[in-house]
K.L.:
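After the structure tokens below, expect a handful of questions from me.
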Number of protein chains: 2
Amino acid sequence: MAVTLKDIAKKIGKTTTTVSRALNDYDDIGPETKELVRNAADELGYIPNTLARRLQKRRTDTIGLILPTFGPRFSDPFFSEFLAGVGNKAAAGGYDLLVSTRPPGEQEMQAYQSNILSHRVDGFIIVRTRADDPRINYLRKMNFPFASFGRVEGVLDFPYIDEDSANGMLRVIEYLSGLGHRRIACISPPLELMFARHRIKGVKEGMDRLRSQGGELLIVESDLTQRGGYQTANILLDNSFSPTAIVACNDLMAIGAMSAVQERGFVVGKDISITGFDNIPMAEHSHPPLTTVNQPIYQIGTMACELLIQVLRGEVAEKQEIILQPSLIVRQSCGPTPE
Amino acid sequence: MAVTLKDIAKKIGKTTTTVSRALNDYDDIGPETKELVRNAADELGYIPNTLARRLQKRRTDTIGLILPTFGPRFSDPFFSEFLAGVGNKAAAGGYDLLVSTRPPGEQEMQAYQSNILSHRVDGFIIVRTRADDPRINYLRKMNFPFASFGRVEGVLDFPYIDEDSANGMLRVIEYLSGLGHRRIACISPPLELMFARHRIKGVKEGMDRLRSQGGELLIVESDLTQRGGYQTANILLDNSFSPTAIVACNDLMAIGAMSAVQERGFVVGKDISITGFDNIPMAEHSHPPLTTVNQPIYQIGTMACELLIQVLRGEVAEKQEIILQPSLIVRQSCGPTPE
DNA sequence: TTCGAGTATGAGACCGCTCCCAGAGATCTT
DNA sequence: AAGATCTCTGGGAGCGGTCTCATACTCGAA
């Protein structure tokens, strides 16, 4: 069996009280006693039982992360990198990370509820926020600690981190307009997702500025996947709108769109320009390499986790709201408008 | 405060013993009493405290999964899908999933140790096995429950699931040889990884059969990433060997290799054929779509988790060792040898 | 000298749950 | 009718920690 406080106490003829406090470095324990206890603990190979400690402290030292996924073939590079960021920060702060995947909706909400009510986690990281996000509404109602990556519509009285996607998209449009593009199509994620709204907002704002110069915009909704981007681009290409540039709201869809365009014999970056958003590793190695907006997703993961840890520790965060400024990554998927 | 057994007991004038057993449906509790207890529990909104139960049961109902990652930019589609498989199965079986990411080596081993010794998990899922795997050696030594995705060299006295990668690669080589290819280059992962060995073994076996027909093989080691595949393909293309086909040991490297080949103006599937392995979603949408070997990674995740759960429950699994037979997915990245 | 403050340790409750064991009735056996 | 058996419930220990409170001792100040 595992070594307990009692074993140490017995060995050195002290009580568990003393041992416990010595090991936790309380300053009401004599230095020699501390020394004695520590040596005995080392010798016996003592390791505290996390469960017992958690029960007593009424804390789980665990952070929950429930990834919203559609269907089993879930392979979003976004999440794996975000996960790594959150996980490493959590580990560094002494927290465990409890991960689940649930499709948005009923099951997802149940997962949040049961994790809270059965005392499995101390706080949640929310990812990929939705406009009127039921997760955030619920956590707020329960007064349960959380931090999110992404904002919501309405009151923002919780710690969050987000990228200024609107500004990122504005930069994309400005870049494209500088290359002469006026007829631009945009492939959007479901508009219930907040980041989709921000990105679309940036696109619209950019196009508004182009209105006097004949700017035209067509927005088509898709589903964030590569396949979705492919299909949607095909729809766009069949359409009479015939854009000179396609602005996809994430890299995965942009890469899917590239396939569709290339399949029709067009050259990406010459006949049609394509942009993405996120700067996933794949974007650098697509063919041609994808012009996109950088989103440091690993760092965002660590920062979101840090925000939550601050809340859990009861520290007053200097900054509860972090908005990162994006940067445009110019590669070869865009070129001047063909005449 | 949360409702406890004691609250229910007090309310109906019974003891916590009775309440506990009624809720756990022990058959030594009278049916009316059970009814009474259940109603009171519902009324008060009782939810058992997981921590307390776990402490008492000396079980954590938690499965550990430590993903081996190199560097922070960790975005392997492989892992996210595997994770989803494991996670969903764990949830279905009433287990929590504790996830960490660690670079292989010292830190990784410490994570295993501390998770075991501080009683955080009941068992581990090991992924991406290595030839003489320190994780498996350790868990075996500690007699700690685990199941793995992947085999090791030597004794296989633990539950595992694996794909018959050797056979998969054999099929690839046969397919390529059928198209007339004889000078074949292979981009390999680090050979310390078991699946690399199996895949290379299959490649060699296939080439051995081609020896009488002038088959020539060049193997170059890379690192599983898209970037690695790109760089390694460039090295290959600079080499005098000039292969007519490149067999990459995973899809990510294959896609990277495609970029390199295309950058030099070659047409993939005509001038040079390329194959991958894994059939990640991206493979379908690369340009051209990638010929590869299917590996149902989501299902593998669920099955690995199931193996572990059987061990944890003390059930005797009918099958402790599962080898899946792969299937070749033919797409457009291969063609007949150019003369 | 005596009291108060400070220091170091012990005793024991408690977190919320499970489970062993005892015991009270009810029913059955001979 | 008396003991044996069965059914149901209660008492209480214990999982492995933490924390409050009490206590014994030392020491300097009034």
Side-chain angles (χ1 to χ4, degrees), chain A residues 1-38 40-41 44-62 94 96 114-122, chain B residues 1-38 40-41 44-62 94 96 114-122:
Chain A
M1 251 343 267
V3 181
T4 69
L5 283 187
K6 210 189 275 182
D7 299 326
I8 303 180
K10 201 182 300 167
K11 170 162 182 169
I12 60 175
K14 302 273 178 187
T15 59
T16 60
T17 310
T18 309
V19 174
S20 168
R21 303 164 70 156
L23 289 175
N24 287 305
D25 207 25
Y26 276 54
D27 52 11
D28 60 355
I29 295 291
E32 326 73 37
T33 310
K34 271 187 192 169
E35 207 35 40
L36 183 67
V37 169
R38 280 186 192 135
L44 294 176
Y46 170 74
I47 308 248
N49 181 313
T50 333
L51 249 34
R53 185 187 302 211
R54 288 176 178 176
L55 173 61
Q56 160 65 29
K57 292 230 169 193
R58 251 155 271 117
R59 250 199 288 129
T60 64
D61 291 325
T62 301
D96 284 349
S114 78
N115 275 317
I116 293 178
L117 296 177
S118 59
H119 302 274
R120 279 166 213 267
V121 300
D122 289 344
Chain B
M1 249 346 266
V3 180
T4 69
L5 284 186
K6 209 191 275 180
D7 298 326
I8 302 180
K10 201 184 299 167
K11 171 162 182 168
I12 60 173
K14 302 273 177 185
T15 59
T16 59
T17 310
T18 308
V19 174
S20 167
R21 303 163 71 156
L23 291 176
N24 287 305
D25 207 25
Y26 276 55
D27 52 10
D28 61 354
I29 297 290
E32 324 74 34
T33 311
K34 272 188 192 169
E35 208 34 41
L36 183 67
V37 170
R38 281 189 191 131
L44 294 176
Y46 170 74
I47 308 246
N49 182 314
T50 333
L51 249 35
R53 192 197 304 241
R54 288 176 180 177
L55 173 61
Q56 160 65 29
K57 290 231 169 192
R58 251 151 278 122
R59 252 201 286 129
T60 65
D61 292 326
T62 301
D96 283 349
S114 77
N115 275 317
I116 292 178
L117 297 176
S118 59
H119 298 106
R120 278 167 213 267
V121 300
D122 290 344

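Sequence lines set the chain letters: A, B, ... in the order given, protein chains first and strands last, and positions in each chain run from 1.
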K.L.:
To the nearest Å, give me how far apart CG (Asp7(B)) and P (dC17(C)) are.
P.N.:
9 Å

K.L.:
Where the side chain of Tyr26(A) is defined as all heavy atoms beyond and including C-beta, which of dC19(D), dT9(C), dC15(D) is the nearest nucleotide?
P.N.:
dC19(D)

K.L.:
Does a side-chain N or O from Ser20(B) land closer than 4.0 Å to OP1 or OP2 of dT18(C), or not?
P.N.:
yes

K.L.:
Where do N or O atoms of nucleotides 11-13 of chain C meet protein N or O atoms at under 3.5 Å, pair by pair?
P.N.:
residue, atom, partner, partner atom, Å
dA11(C), N7, Thr17(A), OG1, 3.4
dA11(C), N6, Thr17(A), OG1, 3.1
dG12(C), O6, Thr17(A), OG1, 2.8

K.L.:
Return the value, rounded to whole Å, for the distance between atom NE2 of His119(A) and atom C1' of dG16(C).
P.N.:
9 Å

K.L.:
Using five pairs at each end of the helix from dT1(C)-dA30(D) to dT30(C)-dA1(D) to define an axis, what is the angle between those two axes, to 10°?
P.N.:
60°

K.L.:
To the closest 0.5 Å, what do you measure between NZ (Lys6(B)) and OG1 (Thr16(B))?
P.N.:
8.5 Å

K.L.:
When the nearest nucleotide of DNA chain D is assigned to Lys57(A) and to Lys34(B) on a heavy-atom basis, which residue is associated with the more 5' position?
P.N.:
Lys34(B)

K.L.:
Sequence neighbours left out, what pairs pass salt bridge (Lys or Arg N to Asp or Glu O under 4.0 Å) with at least one residue falling in residues 7-17 of chain B?
P.N.:
Lys11(B)-Glu43(B)

K.L.:
Without decimals, in angstroms, what is the distance between Ile29(B) CD1 and dA24(C) C1'?
P.N.:
15 Å

K.L.:
Looking for any heavy atom pair under 4.0 Å, which part of the strands does Asn49(A) touch: base, sugar-phosphate only, or nothing?
P.N.:
sugar-phosphate

K.L.:
Could you state the atom-to-atom distance from CZ of Arg54(B) to P of dG16(D) in whole Å?
P.N.:
17 Å

K.L.:
State the CG-OG1 distance between Asn115(A) and Thr62(A), to the nearest 0.5 angstrom.
P.N.:
10.0 Å

K.L.:
With Thr15(B), which residues qualify under side chain to side chain contact (heavy atoms under 4.5 Å, CB included), at least two apart?
P.N.:
Thr17(B), Thr18(B)

K.L.:
Report the distance from atom CG of Asp28(B) to atom C1' of dG23(C), rounded to the nearest whole Å.
P.N.:
14 Å

K.L.:
Can you find a side chain N or O atom of Thr18(A) that sits less than 4.0 Å from OP1 or OP2 on dG10(C)?
P.N.:
yes

K.L.:
Quick one: side-chain hydrogen bond (donor to acceptor under 3.5 Å, both in side chains) partners of Asn49(B), sequence neighbours excluded?
P.N.:
none

K.L.:
Arg53(B) side chain: which of dC17(C), dG16(D), dC15(C) is closest?
P.N.:
dC17(C)

K.L.:
Could you list the residues that satisfy side chain to side chain contact (heavy atoms under 4.5 Å, CB included) with Asp27(A), not counting sequence neighbours?
P.N.:
none

K.L.:
Among all residues two or more places apart in sequence or in another chain, which pass the side chain to side chain contact (heavy atoms under 4.5 Å, CB included) test with Ser118(B)?
P.N.:
Ile47(A), Thr50(A), Arg120(B)

K.L.:
From CG of Leu5(B) over to C1' of dG12(D), roughly how many Å is that when rounded to an integer?
P.N.:
15 Å

K.L.:
Can you figure out which of dT18(D), dC15(D), dT9(C) approaches the side chain of Lys6(A) most closely?
P.N.:
dC15(D)

K.L.:
Just the rounded figure in Å: distance from C1' of dG17(D) to CG of Leu23(A).
P.N.:
11 Å

K.L.:
Can you tell me how far CG of Leu55(A) sits from OG1 of Thr60(A), rounded to the nearest 0.5 angstrom?
P.N.:
12.0 Å

K.L.:
Could you list all the salt bridge (Lys or Arg N to Asp or Glu O under 4.0 Å) pairs where at least one residue sits in residues 17-26 of chain B, not counting sequence neighbours?
P.N.:
Arg21(B)-Asp28(B), Asp25(B)-Lys34(B), Asp25(B)-Arg38(B)

K.L.:
Of all the choices, dT18(C), dG17(D), dC15(C), which nucleotide is nearest to the side chain of Tyr46(A) once you look at every atom?
P.N.:
dG17(D)

K.L.:
Taking salt bridge (Lys or Arg N to Asp or Glu O under 4.0 Å) as the test, write out the residues that go with Asp122(B), two or more places apart.
P.N.:
none

K.L.:
Roughly, in whole Å, what's the span from CG in Leu55(B) to C1' in dG16(C)?
P.N.:
9 Å

